[in-house]
Amino acid sequence: MKGCSPIQCNTACTFVKGRFPYHWDLNVYRGCTHDCKYCYARYSHKYLQDSGGFSDTIFVKTNIAEALERQLRNPRWDKSVINLGGVTDNYQPAEATQEQMPEILRLMIRYQNPIIISTKSDLILRDFDLIEELSRKTYVNIASTITTADEALQRKLESGAVSPKRRFFMLKEFGKTKASTAVHMMPVIPYLTDGEENLNTIFSNAKEVGVDYLLSGLLYLRGETKQVFYHFLKKEYPNLLVEYQNLYHKGELKNYRNIVYERLRKVRGKYQVSADYKSRLDREVHGKDEPIQLTLFDT
């Protein structure tokens, strides 16, 4: 990593469309040193001049706490759920020295604003007390993406992220708070993480640490993400290139998806791990109970 460069932001949160449990996203950083080969957010650097690579040049929004407070104290703000980390991980290694998140969490506590935190890091445990306090005041969800239990494969796919074991431990610790916890097995990567052994290990560990739900979704390739991932395959798994060309260029993905989703359905039933992210959020944030509605990622 070349280090962090300071930038200013006009607003703290970005409005996002889609079938998400939130419509506001807050990212402290631009770029991410986790260097996930399947990352969909690499496009975000192209809007910055002299930005360098997405995984080696990190920009920190040094005024983001001030911008966030302006938003939260606005009389028109309705305490909508804010997702922390939709485009980049707010607990990536840079946060260890930049320490932006504690002040953001203090603002969430002051204004009792519900949040979702998505992270592949256990650095979040540094802020355990703040998150525990917020979880006693409003809805908090801590989610970690865990695609594989194979640490050797994980280091190839996500070279800058902590091990799956450390992520599961982090989720177990937050299970001691009133926050909900989740595993995002997104993406499921064809021929690398879709095997029964890996699926069983992920689901059994999720069950063991007591997460509230687990979501899964198949790898989607386009744009720069596709280029980076194919380069990764050529280097690490050249034997899979033809298989991927068949899946993503020759129309075989639909049949493959059905096979994998059936495999996921069976393992979910085996371990009785929920896919329902919505009911608790609706109950605690909106004060209503609704029938379970599965996200488009659920199987």
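Tyr191 has its ring centre no less than 6.0 Å from the ring centre of Tyr237. Close placement of the Phe174 and Phe128 rings is indicated, their centers lying within 6.0 Å of each other.
In this structure, Arg167 does not pair ionically with Asp122, as no charged nitrogen and carboxylate oxygen lie closer than 4.0 Å. Ionic pairing of Asp35 and Lys37 is present here: one or more N-O contacts between side-chain nitrogen and carboxylate oxygen are shorter than 4.0 angstrom. A salt bridge links Glu132 to Arg136: one of the charged nitrogens lies within less than 4.0 Å of a carboxylate oxygen.
For Lys176, the side-chain hydrogen bond (donor to acceptor under 3.5 Å, both in side chains) partners at least two apart in sequence or on another chain are Glu173. Applying the side-chain hydrogen bond (donor to acceptor under 3.5 Å, both in side chains) test to Lys266 and every residue at least two apart in sequence or in another chain returns nothing.
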Subject >> Asn246 and Tyr256: CA distance, side-chain angles, deciding distance, side-chain hydrogen bond (donor to acceptor under 3.5 Å, both in side chains) verdict >> reply: CA-CA 10 Å; Asn246 289 336; Tyr256 169 84; over 6 Å; no
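Note on ring orientation: taking the six-membered ring where Trp is involved, the planes of Phe229 and Phe232 are tilted (angle from 30° to 60°).
Put simply, CE on Met108 and CG on Leu72 are 5.5 Å apart, with the number rounded to the nearest 0.5 Å. Atom OH of Tyr40 is separated from atom OH of Tyr220 by 14.0 Å, given to the nearest 0.5 angstrom. Leu68 contributes atom CG, which lies 8.0 Å from atom CG of Asn113 (distance to the nearest 0.5 angstrom). To the nearest 0.5 angstrom, Met185 atom CE is 10.5 Å from Arg268 atom CZ.
Residue pairs meeting the ring pair (Phe, Tyr, Trp, His ring centres under 6.0 Å) criterion with at least one member in residues 142-167, sequence neighbours excluded, do not occur.
Applying the side-chain hydrogen bond (donor to acceptor under 3.5 Å, both in side chains) test between His34 and each of Thr119, Thr88, Asp89 identifies Asp89 as the sole match.
Taking a 6.0 Å sphere around NE2 of His231, one finds it holds 12 or fewer heavy atoms contributed by other residues, nucleotides or ligands.
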